[in-house]
Amino acid sequence: MSPTGRQIVLRKGEQTAVVVELGGALRGYFVGGRPVLDGFSADEPIVGGRGQVLVPWPNRIGGGRYRWNGEEFRLPLTEPEKGNAIHGLLRWTSWQVVEQHEDRVLLGVTLWPQPGYPFHLHVRVEYALGAAGLAVAVVARNVGTGTAPYGVGQHPYLTVGTDLVDDAVLTLPARKWLPADDSGMPAAAEPVAGSPFDFRTPRAVGARHLDTAFAELERDSSGLAAVRLAHPSGSHGTDLWLGEGVEFVQVYTGDTLPEPARRKGIAVEPMSCPADAFRSRAGLVELEPGAEHAFRWGLRAWTEGR
């Protein structure tokens, strides 16, 4: 049996996506036989957060402690080397298939009240293949009686087939970036203009070590922003689009991953809020009882001339 549980294969035309039971994660996405994601195989465990859904917060909470409505809560330190709680509470749970079709699947899970997060949520994620590529929607509903602090993200790693991410060309339409300390806690956002973090025009990733959040995304008339990763030849690449509920994006070049995964793919992580939002309140959603929050992003692989 796979260490990530049930493997759900979606197909439409030349597209194939694979979703797994563990964490509702996106294991792989292929277009015309070419891998769009630096994912993992069915017999491998998830390393580095690959494809995972991050609920009820993405990134980190410093010290695992936060205050809410005058009460202090303490979360398990799931990044003990830095003393943080990282990437939420649903990464290592089984998500159940609610609805499945050849080109679409809907999975759901209940986040039960627990020490450190005494709030009650129902979360579902939908993966759907269409003419424009892969669309992902994460919707959370507060089924409890109290207002819940809430954030969401996802952790796909992109590849354009280069040996290392150094040669890939990145375009990221963000006006600001968030400096962070050694434990990953961000400071106030700063303009990307004049900094090494200005990717508003295409630039090779190079030797840069990125584990960096970006904000103030530039959107088109339909409300979408798109992060582009391209092969250095310009022959092909992928646009990761950011839609409803996505206010920040984290880019991670995988420098702390074990070999052979290190710098093989680049994580482009859509997020509703940055690291430490439970304490800073930056981008934090106050999810009222009965309310829902929707979070939408997707992938469009392209080839020159198409």
Looking at side-chain heavy atoms only, is the closest gap between [X] and [Y] below 4.5 Å?
| X | Y | value |
| --- | --- | --- |
| His120 | Trp112 | yes |
| Gln250 | Asp211 | yes |
| Tyr117 | Pro149 | yes |
| Tyr127 | Ile8 | no |
| Leu75 | Phe73 | no |
| Leu229 | Val268 | no |
| Arg91 | Ile46 | no |
| Leu299 | Leu37 | yes |

Ion pair check, [X] and [Y], cut-off under 4.0 Å:
| X | Y | answer |
| --- | --- | --- |
| Asp255 | Arg263 | yes |
| Glu292 | Arg124 | yes |
| Arg50 | Asp38 | yes |

Ignoring hydrogens, what is the shortest heavy-atom contact between [X] and [Y]? Give both atom names and the distance.
| X | Y | value |
| --- | --- | --- |
| Lys12 | Ala131 | CE-N, 4.2 Å |
| Leu240 | Leu242 | CD2-CD2, 3.3 Å |
| Leu178 | Ala189 | CD1-CB, 3.9 Å |
| Ala193 | Arg200 | CB-NH2, 3.6 Å |
| Pro76 | Ala85 | O-CB, 3.4 Å |
| Ala174 | Leu217 | CB-CD2, 3.9 Å |

Checking [X] side chain against [Y] main chain: does a donor-acceptor pair fall under 3.5 Å?
| X | Y | result |
| --- | --- | --- |
| Asp181 | Ser183 | yes |
| Glu218 | Arg175 | no |
| Ser272 | Gly151 | no |

If you count heavy atoms of other groups shown closer than 6.0 angstrom to [atom1] of [X], is the number above 12?
| X | atom1 | result |
| --- | --- | --- |
| Arg74 | CZ | no |
| Asp220 | CG | yes |
| Glu81 | CD | yes |

Same apolar cluster: [X] and [Y], side chain cutoff 4.5 Å:
| X | Y | value |
| --- | --- | --- |
| Val36 | Val249 | yes |
| Leu54 | Tyr252 | no |
| Phe197 | Leu158 | yes |
| Val53 | Leu107 | yes |
| Val55 | Met271 | no |

Establish, yes or no, whether a centroid distance under 6.0 Å links the rings of His236 and Trp302. no
Should the pair His155 and His87 be assigned to parallel (<30°), tilted (30 to 60°) or perpendicular (>60°) ring geometry?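 Ring orientation of His155 relative to His87: perpendicular.
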Distance (rounded to the nearest 0.5 Å) between [X] [atom1] and [Y] [atom2]:
| X | Y | atom1 | atom2 | answer |
| --- | --- | --- | --- | --- |
| Leu134 | Phe30 | CG | CZ | 12.5 Å |
| Arg60 | Met185 | CZ | CE | 6.5 Å |
| Met1 | Glu21 | CE | CD | 5.5 Å |
| Glu99 | Leu106 | CD | CG | 6.0 Å |
| Thr16 | Leu129 | OG1 | CG | 8.0 Å |

Report the C-alpha separation of Leu164 and Lys264 in whole Å, then their side-chain angles, then the decisive distance to 0.1 Å, and conclude whether the side chain to side chain contact (heavy atoms under 4.5 Å, CB included) test is met. CA-CA 5 Å; Leu164 296 173; Lys264 292 296 185 182; 4.3 Å; yes
Would Leu121 and Asn142 count as a side chain to side chain contact (heavy atoms under 4.5 Å, CB included) here? Give the steps. CA-CA 5 Å; Leu121 308 181; Asn142 185 347; 4.1 Å; yes
I would like to know whether Phe214 and Val192 meet side chain to side chain contact (heavy atoms under 4.5 Å, CB included); could you show each step before the answer? CA-CA 9 Å; Phe214 294 84; Val192 298; 4.3 Å; yes
Stepwise, does the side chain to side chain contact (heavy atoms under 4.5 Å, CB included) test hold for Arg300 with Arg228? CA-CA 9 Å; Arg300 184 182 70 85; Arg228 170 165 286 191; 3.6 Å; yes
Could you please spell out the steps behind the side chain to side chain donor-acceptor pair (under 3.5 Å) verdict for Glu190 and Ser195? CA-CA 9 Å; Glu190 298 181 2; Ser195 80; over 6 Å; no
Going through the distances and angles, do Glu288 and Thr147 end up as a side chain to side chain donor-acceptor pair (under 3.5 Å)? CA-CA 4 Å; Glu288 301 285 347; Thr147 301; 2.8 Å; yes
Criterion ring-ring contact (aromatic ring centres under 6.0 Å, His included) against Phe278, the qualifying member of Phe119, Trp68, Tyr66: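 By the ring-ring contact (aromatic ring centres under 6.0 Å, His included) criterion, Phe278 pairs with just one of Phe119, Trp68, Tyr66: Tyr66.
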